[in-house]
A.B. asks: 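I'd like to ask you about the structure that follows.
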Amino acid sequence: MAEADITLLVNTGLSEQKAKETLKNEAVTQSMKSAIEQVGKISPDLKSDKDVGKLIYHVATKLKAKKFQNPIMEYIGLKKITSEIQLNAAFDYLKHNPLEPVDWSTFEKECGVGVVITPDQVEDAVEQVISKHKAGLESQRYKYNIGLIMGEARNKLKWADGKAIKNEVDMQVLDLLGPKTAADLEKPVKQKGSKTPKDAENTKKKEQLKETPSVENFLGRDGEVMSFMELMGEAVKFHKPGENYKTSGYVITEKTMDLMKEHLKTTGGKVYSRFPPEPNGILHIGHAKAINFNFGYAKAYGGNCYLRYDDTNPEKEEEKFFTAIKEMVEWLGYKPWKVTHASDNFDKLYGYAVELIKRGHAYICHMRSEDIKGFNPPDSPWRDRPIEESLQLFEDMKNGKIQEGEATLRMKTTLEEGKKDPVAYRIKFAPHHRTGDKWCIYPTYDFTHCLCDSIENISHSLCTKEFQSRRSSYYWLCNVLDLYCPVQWEYGRLNLSYTVVSKRKIAKLIHEGYVRDWDDPRLFTLTALRRRGFPPEAINLFCAKVGVTMAQVVIDPSMLEACVRDVLNVKAPRCMAVLDPLKVTITNFPADHKGEITVPNFPADESRGSHVLPFQKTIYIERSDFREKSDKNYKRFASDQTVGLRHAGYILTVESVVKDNSGNITEVKAKCTKSSDTDKPKGFIQWVCNPLVCEVRLYDRLFHHKNPEDSNEVPGGFVSDVNRDSLSVISNAYVDTSVKGSKFLDKYQFERIGFFTVDKDTTSDRIVFNRTVTLKEDRDKN
Ligand SMILES: Nc1ncnc2c1ncn2[C@@H]1O[C@H](COP(=O)(O)OP(=O)(O)OP(=O)(O)O)[C@@H](O)[C@H]1O
Ligand SMILES: NC(=O)CC[C@H](N)C(=O)O
């Protein structure tokens, strides 16, 4: 590191440490050196002026469009731009008006060039603001929000130096209030129950959110309020439709602005997004994030979202996947604006490919796919073959004259990770689900996706992070064909722990008999979650809570389960069930009892209906709710302890216990007393009378380890980690008669046990229930 370079940078005001750090970044160093040199030429004194030094550093590190560095430095050298505020306004102007020639006179107006702010002006402006806030200042003294005063003063004098305003505010406040007293220095104590500004803000937001139907699902628990945008995390950074060019990394060409005008004419400035699955498998919980993000973002901004099948791999596609994908999108509550297919555009795409060859940006290559795989493959010897030759060969490929694997069309561009000349078309003698035998060449993702986005006038092409490395080829292809270029934004994939979602791995689990099918309720495919009883609102709420971060996130399934409980708590009517029944005979069953009782569907809100249950001499309780001897912590039924029957209004007292030859309790004979006539028991239990015999399936995690795919955690591979006890079937559970006639996906809360959902294996004689989730609060109860 040259001493002279360090001195050069230190002279601009950087600390030695910072100067050394800066010198490690070659681009910034070059920028700074040339800026210092330029300023020095215009005005030698400024070369070591610390304030100018700060501006130079700002230009070197923040200005994206380097072509504007020289003109900006000239403004700085001539002292026409003297503050960071002006400099930021300059960057902003150039970002919004990227095309040359720049209209410098508007630029100057927008950046306050020539505006001179005198100290008197600063003093006057601050005086006006302080007098407006005088009462507040006098009562709250130094606890008053000084930032507010600064902000207002700044607004009055847009181009004034921030430091000058701050000094003036401090001085005038001191003048008004005198020095700080001991009381001024005390920390404010929050009164219990008093509203903080945050509370007030929350209340206001809640009111606003109620008026926005698209976010009603996202009102969090415990009164916590989240706006759609907060939930969308990274999405706050997204550009407005029509302002693609403001996005960092977006490539502007001479045609960009005209194409943008056309695009806006077609879209009317609306947000257009798309959810683009490959129709080669079932959707999983990760896709729910993609669906929510794409559809949710469009919905939040009054735009439209396509469901576009990325169907460019004919061998892997099946009709059932097309149907199931649409069904799941709709199940989550979203309606595609249009359902399209990449294959709808095969003719157009072919035309673009021909054009690409004609423009010299693509060629036919005969390297084998294994030769161009991997890191750093050799360049293609066919890269510079004549255009005419490539055109002819491409036509031959299309007409089936070349064998599979013997030729590809490759694009002359390099992906971010260094991969050169990605393939645009390959030969596949396979019929396509929609286009039949029409084609024997099919376009690749890299060729298809951006062009379909462009054709559909997508404003925001949202995709997972692994596509970041394809972003430059995406922009490149749209640009070399002079087509409208959408902006690609990436977000992190959503992964859950204790599961696998890859199609191949699920297929293996099914094949080897660990799970029954793609919708086995232990899996995290969307059909499995639906079958298990997870409501779509809960999945959406979960996705919203996870937010859209860049980071790859691995979430514990308990977070999803908590969302499920939140939703089912409100939605699932209560009923009573006993999974392991114990007979109880009420020896003194009141002769005048009518033999039935009315139970509310939602005990916390009796206005939501009720059902009538038999209540007679013989009832059944949960075996684990009875003991012969109680102890201090035991709250339920025992020979020496009474218990209440939920909803019945009766308390049971043991009379005798009947046992079989092996000493197992087979029946309890008990007396009942009206709850109004006796002391309140320690606990209340559920019971059933003349119940329905049902099958109940209880699920546990399918894998023992958090990351079953991680070979460090599970050296034997994910299959070795399968929890063999993840399913227990209770064939003869007793459920109250209110569930009679239930249909697939009906949901209940079995009081004190959990939330349950009717499984598709249900027949007219026998209902099968899946335990959706336990009632968390019941887990540790004894
Ligand atoms: N785990 C995930 N989290 C968030 N988005 C995802 C996830 N998996 C897929 N997506 C997104 O869903 C969209 C459609 O997915 P597609 O089925 O083509 O993806 P995939 O990556 O092949 O999925 P799979 O995990 O089944 O291999 C894409 O935009 C993709 O990036
Ligand atoms: N850009 C994207 O969203 C990618 C979609 C594509 N179907 C894939 O996941 O492979």
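Whatever order the structure lists ligands and atoms in, that order sets their numbers, starting from 1.
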A.B. asks: Assess the pair H433 and F322: is the distance between their ring centroids shorter than 6.0 Å?
C.D. replies: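 Yes, ring centres under 6.0 Å apart.
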A.B. asks: Quick one: nearest non-hydrogen protein atom to atom 3 (N) of ligand 1, plus distance?
C.D. replies: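 Ranking protein heavy atoms by distance from atom 3 (N) of ligand 1, first comes L494 N, 2.9 Å.
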A.B. asks: Apply the ring pair (Phe, Tyr, Trp, His ring centres under 6.0 Å) test between Y425 and each candidate in W439, Y442, F394; give the one that qualifies.
C.D. replies: F394
A.B. asks: Should R274 be listed as contacting ligand 2, given a heavy-atom distance under 4.0 Å as the test?
C.D. replies: yes
A.B. asks: Starting from atom 1 (N) of ligand 2, what is the nearest protein heavy atom, named by residue and atom, and what distance separates them?
C.D. replies: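 Ranking protein heavy atoms by distance from atom 1 (N) of ligand 2, first comes Y445 OH, 2.7 Å.
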A.B. asks: Without swapping roles, check the side chain of H432 against the backbone of R434 for a donor-acceptor pair under 3.5 Å.
C.D. replies: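 Here the side-chain-to-backbone pair exists.
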A.B. asks: How close does the nearest protein non-hydrogen atom get to atom 14 (C) of ligand 1, and which residue and atom is it?
C.D. replies: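 Among all protein heavy atoms, the one nearest atom 14 (C) of ligand 1 is P277 CA, 3.4 Å.
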A.B. asks: For atom 11 (C) of ligand 1, what's the nearest protein heavy-atom neighbour? Residue, atom name and distance, please.
C.D. replies: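 Scanning the protein heavy atoms, the shortest distance from atom 11 (C) of ligand 1 goes to A290 CB, 3.6 Å.
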A.B. asks: Heavy atoms only: which of R274, K503, R308, H284 is nearest to atom 27 (O) of ligand 1?
C.D. replies: K503
A.B. asks: So which protein heavy atom does atom 8 (C) of ligand 2 come closest to, and at what separation?
C.D. replies: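 Atom 8 (C) of ligand 2 sits closest to the protein heavy atom F467 CZ, 3.6 Å.
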A.B. asks: Could you list which atoms of ligand 2 come closer than 4.0 Å to a heavy atom of D310?
C.D. replies: 5 (C), 6 (C), 7 (N)
A.B. asks: Counting only heavy atoms not in K428, do more than 12 sit closer than 6.0 Å to its NZ atom?
C.D. replies: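 Yes, the 6.0 Å shell around NZ holds more than 12 heavy atoms from other groups.
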A.B. asks: Less than 4.0 Å is my threshold; does some heavy atom of D310 fall inside it relative to ligand 1?
C.D. replies: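 No heavy atom of D310 comes that close to ligand 1.
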A.B. asks: Check contact between F293 and ligand 1, using heavy atoms of the residue and a distance below 4.0 angstrom.
C.D. replies: no
A.B. asks: Measure the acute angle between the ring planes of H239 and W489, then classify it against the limits of 30° and 60° as parallel, tilted or perpendicular.
C.D. replies: parallel
A.B. asks: Side chain, backbone, both or neither: which part of H449 has a heavy atom under 4.0 Å from ligand 2?
C.D. replies: side chain
A.B. asks: What protein heavy atom sits nearest atom 2 (C) of ligand 1, and how far away is it?
C.D. replies: G286 CA, 3.4 Å
A.B. asks: Give me the nearest non-hydrogen protein atom to atom 3 (O) of ligand 2 as residue plus atom name, then the distance to 0.1 Å.
C.D. replies: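 Residue, atom and distance for the closest contact: C463 CB, 3.2 Å.
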A.B. asks: Please check: side-chain N/O of R532 versus main-chain N/O of T772, any donor-acceptor pairing under 3.5 Å?
C.D. replies: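 Looks like yes, one N/O pair under 3.5 Å.
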A.B. asks: Give a yes/no verdict on a cation-pi contact between K398 and Y350, requiring under 6.0 Å between NZ or CZ and the six-membered ring centre and an angle within 45° of the axis.
C.D. replies: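 Checked: cation-pi criterion met.
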A.B. asks: Kindly identify the option in H287, E278, R493 whose heavy atom sits closest to atom 19 (O) of ligand 1.
C.D. replies: H287
A.B. asks: Regarding K505 and the six-membered ring of F718, is the cationic atom NZ or CZ under 6.0 Å from the ring centre and inside 45° of its axis?
C.D. replies: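 Yes, K505 and F718 form such a contact.
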A.B. asks: Look at the aromatic rings of Y306 and Y272 and report parallel, tilted or perpendicular, splitting at 30° and 60°.
C.D. replies: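 Tilted.
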A.B. asks: Between the main-chain N or O of N707 and the side-chain N or O of E713, is there a donor-acceptor pair closer than 3.5 Å?
C.D. replies: yes
A.B. asks: Please list, in number order, the atoms of ligand 1 under 4.0 Å from a heavy atom of F275.
C.D. replies: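 Answer, ordered by atom number: 12 (O), 13 (C), 14 (C).
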A.B. asks: Suppose we measure from atom 30 (C) of ligand 1 to each protein heavy atom; which comes out shortest, and what is that distance?
C.D. replies: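 Atom 30 (C) of ligand 1 sits closest to the protein heavy atom T464 OG1, 3.9 Å.
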A.B. asks: What's the shortest distance from atom 29 (O) of ligand 1 to any protein heavy atom, and which residue and atom give it?
C.D. replies: P276 CD, 3.8 Å
A.B. asks: Check each atom of ligand 1 against the heavy atoms of Y491 and keep those under 4.0 Å away; list them by number with element.
C.D. replies: 4 (C), 5 (N)
A.B. asks: Of all the non-hydrogen atoms in the protein, which one sits nearest to atom 10 (O) of ligand 2, and at what distance?
C.D. replies: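 Sorting protein heavy atoms by distance from atom 10 (O) of ligand 2 puts E278 OE2, 3.0 Å first.
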A.B. asks: Looking only at N/O atoms, are P277 and ligand 2 under 3.5 Å apart anywhere?
C.D. replies: no
A.B. asks: Just to verify, which of V329, L462, D310 counts as forming a side chain to side chain contact (heavy atoms under 4.5 Å, CB included) with F275?
C.D. replies: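 The passing option is V329.
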A.B. asks: Parallel, tilted or perpendicular for Y297 and F293, by the 30°/60° rule?
C.D. replies: perpendicular
